Amino acid sequence: MQVGCHGLVWTGMFDRIGLEHAIISTAGAGYDLLEIPLLRPDGFDISAAEEVRARHPLPIAASLAQSLDSDPLDGTSASRDAAEARLLHALDILGRLDSSFLVGALYGPLHKYTEPVSDAGWRNAVGVIRTAADRAAELGITLGLEVVNRYETNLFNTARTALRFLDDVDRANVGIHLDTYHMNIEEADFAAPVRACEDRLVYVHVGESHRGYLGSGTIPFEPFFRALAEIGYDGPLTFESFSSAIIEPDLSRALAVWRNLWDDSADLGAHANSFIRAQHQAAQSIDAQP
Ligand code: MN
């Protein structure tokens, strides 16, 4: 099990200076993994990132969503090609950073759709993920398909529908990425979706209902962590939190980050690291109880 931290806890810029700050701060707060947003693989300075990684060898995962002009859910082949190119570029970057995970809304942009997904959109998304999965397999990378709420995609909003999509994709190195923030909006509870995913759960975002300090919102973390322990989940548990104190131009708009929920990244990050480890440790102890 690795406890991870989303880069936006520390910085909105992932150039040399931003990345180095994020890596040092993530390691300093006690985490095992840094997740960086790779929303624009084209603009990412890979040589700077390799150089920073050589000095600070903390494992890195990346998350991304598609852009509006690379949205396979529109059902067109042009968008499908653009979406595949974006994922393949991101995988090249991650291969050079020895990363094991590419996660997030790999199947579409985060925005509000006004119609349900079409059959053509679903099929397009399946094709995009298969293409990316085959390249990812060569690099030893696992893809996590994040289940996000209805205001951010129309492809799937619950673990159950995401598992149907995963069946269609049919690739061993693709799994489900659950996020408690989204589960709180769409799922009936916090344990059944985890149990439904079972060994197909590959990545987890731990986030509060308002995306601030863990424990300061309405998410019931205990049943979630107990269900993770029940299924023997051993993958990353990554803290995700956003505040208007730290802005990434694309992501902050897409996620509607308008509120200032915290200013002190170091305090927030250290708190979440202890919170996640405490929840995990307590849930793990249940099996050993006489
Ligand atoms: Mn998330």
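Not measured: the values here are computed from a predicted model. Remember, it's 1-based here, ligands and their atoms both numbered in the order they're listed.
- When you scan the N, O or S atoms of Glu240 for the one nearest the Mn ion (ligand 1), you land on OE1.
- Its N, O or S atom nearest to the Mn ion (ligand 1) is what matters here, and for Asp179 that atom is OD2.
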Apply side chain to side chain donor-acceptor pair (under 3.5 Å) to His280 and Gln284, showing your working. CA-CA 6 Å; His280 178 261; Gln284 294 293 323; 3.3 Å; yes
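- Considering only heavy atoms from C-beta on, Arg211 stays 4.5 Å or farther from Val257 through its side chain.
- Counting just the N/O/S atoms of Glu146, the one with the shortest distance to the Mn ion (ligand 1) is named OE2.
- The Mn ion (ligand 1) is closest to atom ND1 of His205 (considering only N, O or S atoms).
- When only modelled atom types and interatomic distance are considered, Ser243 and Asn260 share a side-chain donor-acceptor pair under 3.5 Å.
- Checked against Gln2 for a side-chain contact (heavy atoms from CB on, under 4.5 Å), the options Thr238, Asp234, Leu33 give a single hit: Leu33.
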